[in-house]
Amino acid sequence: MVSMKEFLGKFFLVFSILYLFFHAVDLFFGLLLPLRQFVAVSSFMLLAMLSLPVSLSGLTITLGGSSFTIITSCTGVVSFSIFAGLLYATPMKKEKRKLTYITAFFPLAILWNVFRVTATLSLGGELIEVLHNTFWMLSVLLVLGIYLLILKLDGTTIKKRTRK
Amino acid sequence: MILDLLIWSLWYILPAYVANASAVVIHGKYPLDHGVKFLDGRPFLGKGKTLIGFFSGVLFGFLAGVVQSLFGYPNFGGFSMEGVSLALLLAFGAMFGDSLGSFVKRRFDLKRGQATPLLDQWDFIFGALLMVYIFKDFVVLPSLLMVLTILVVTPFIHIASNYVAFKLQLKGVPW
């Protein structure tokens, strides 16, 4: 068992370190550029395959009248930071597998974001901002879903503390 | 075209591969972290990372790049000092990434030699690419397709080469 204070402490420690690390290395060194390029090019190719009038200029995808620039947060690093924080803070029966789950989630987060950008642009139209936010909430649900699935596979149960 | 991409990608990243492999073959005794413990009370890097291993990795990775430069590195077509700088960055980055991987493993209380799929195969590649992107103004960057190829191919090469090293009794574990 871990107390809520300890859980939140560990979660925010790992989440903050990863979140700041990814944003800092991108801001100062442009290190996430290949990742942003990958998301931009993959989303552009998927939209083109859907026969939509799409164009790509650098990291900006234009469809109809809407332009969408791929920034750091569009690459999956935020979802990854949340997932890593959650799993690190949770005591599991098979502790040794944690790191493998976290590493395996990284490519999944990137692919999900390719889908997120593609879906937002292809379905967006006038509602692009609404869809953008909705898909972000879905990303959080995806993270939570995978987290809970891993806990279930591991046999870990989350006990609700009852007041005496 | 795919074969071309594969060859160019492997040619580009070869100093990092050599650095990582050298560290497996050449062992030292003195730990890189001087036996220092981290805030969590666990070893900073662990006994698996030694000073000799780290610097021999950098040296042999660099030398591989120098040899490559004689043929033309990162692109064929004659010797270039840029290739030598690139090799040094890739070799140092590979060893840095390998150490960073160990640091993360120790934080999760994983013991020396314990398998961590994907992290074991990608840590040195991420380190190598990280160095290249930090000093991107001075060296040739790999294309996006080359980065993807390297990331996809490396786990397979890493597993195969480690299995061979295990069979040759150079490693205690086949990963």
Side-chain angles (χ1 to χ4, degrees), chain A residues 6 9-10 13-14 17-18 21-22 24-45 56 58-59 70 72 75 77 80-81 83-111 114, chain B residues 9 12-13 38-40 42 46 89 93 96-97 100-152 154-155 158 173 175:
Chain A
E6 192 184 341
K10 282 184 173 179
L13 178 75
V14 170
I17 289 172
L18 287 175
F21 170 76
F22 284 125
V25 293
D26 200 32
L27 187 68
F28 296 118
F29 303 115
L31 291 187
L32 295 191
L33 189 64
L35 204 54
R36 290 159 70 193
Q37 282 175 333
F38 175 74
V39 174
V41 172
S42 308
S43 303
F44 165 75
M45 285 169 71
L56 176 69
L59 295 168
I70 305 300
T72 311
T75 55
V77 294
F80 173 75
S81 304
F83 183 77
L86 280 174
L87 220 53
Y88 181 77
T90 311
M92 288 170 59
K93 285 182 182 166
K94 291 164 190 156
E95 280 284 320
K96 313 290 180 196
R97 288 192 185 171
K98 264 187 191 176
L99 199 51
T100 305
Y101 289 133
I102 291 171
T103 318
F105 186 80
F106 193 63
L108 189 69
I110 297 168
L111 293 178
V114 170
Chain B
S9 306
Y12 186 92
I13 204 70
F38 193 58
L39 299 171
D40 54 11
R42 295 173 194 147
L89 284 174
F96 172 75
L100 194 66
S102 289
F103 172 78
V104 174
K105 284 170 87 169
R106 295 300 91 77
R107 302 292 69 75
F108 283 84
D109 204 17
L110 292 168
K111 300 286 177 282
R112 180 185 169 188
Q114 200 155 4
T116 312
L118 295 178
L119 183 76
D120 287 335
Q121 287 82 44
W122 279 341
D123 55 5
F124 77 98
I125 290 295
F126 277 120
L129 293 176
L130 184 86
M131 283 301 152
V132 169
Y133 274 90
I134 287 175
F135 294 97
K136 60 179 176 290
D137 294 338
F138 307 101
V139 290
V140 176
L141 289 178
S143 68
L144 181 62
L145 273 177
M146 282 169 75
V147 172
L148 284 174
T149 307
I150 290 165
L151 288 176
V152 170
T154 298
H158 191 268
V173 285
W175 50 78

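Residue numbering restarts at 1 for every chain, and letters A, B, ... go by the order of the sequence lines.
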Check: A/Val39 and A/Ser43 side chains under 4.5 Å, non-hydrogen atoms =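 Of all side-chain heavy-atom pairs linking A/Val39 with A/Ser43, at least one is under 4.5 Å.
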Examine whether an atom of B/Leu129 lies under 4.5 Å from a heavy atom of chain A, and if so say whether it belongs to the side chain, the backbone or both; otherwise answer neither.
->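 Answer is neither: B/Leu129 stays 4.5 Å or more from chain A.
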With A/Arg97, which residues qualify under side-chain hydrogen bond (donor to acceptor under 3.5 Å, both in side chains), at least two apart?
->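 Applying side-chain hydrogen bond (donor to acceptor under 3.5 Å, both in side chains) to A/Arg97 gives none.
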Any idea which of B/Leu130, B/Val147, B/Ile134, B/Leu141 has the most non-hydrogen atom pairs under 4.5 angstrom with chain A?
->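 Heavy-atom pair counts peak at B/Ile134.
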State plainly whether the residues B/Arg106 and B/Asp40 are in salt-bridge range, i.e. N to O under 4.0 Å.
->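 No, this pair does not count.
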Of the listed residues (A/Leu33, A/Leu35, A/Val41, A/Thr103), which shares the most heavy-atom pairs with chain B below a 4.5 Å separation?
->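 The answer is A/Thr103.
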Heavy atoms from other residues, nucleotides or ligands near CZ of B/Phe135 exceed 12 (cutoff 6.0 Å) =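 Check fails, neighbour count at 12 or below.
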Name the region of A/Ile102, side chain, backbone, both or neither, that has any atom closer than 4.5 Å to a heavy atom of chain B.
->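 Interface part for A/Ile102: side chain.
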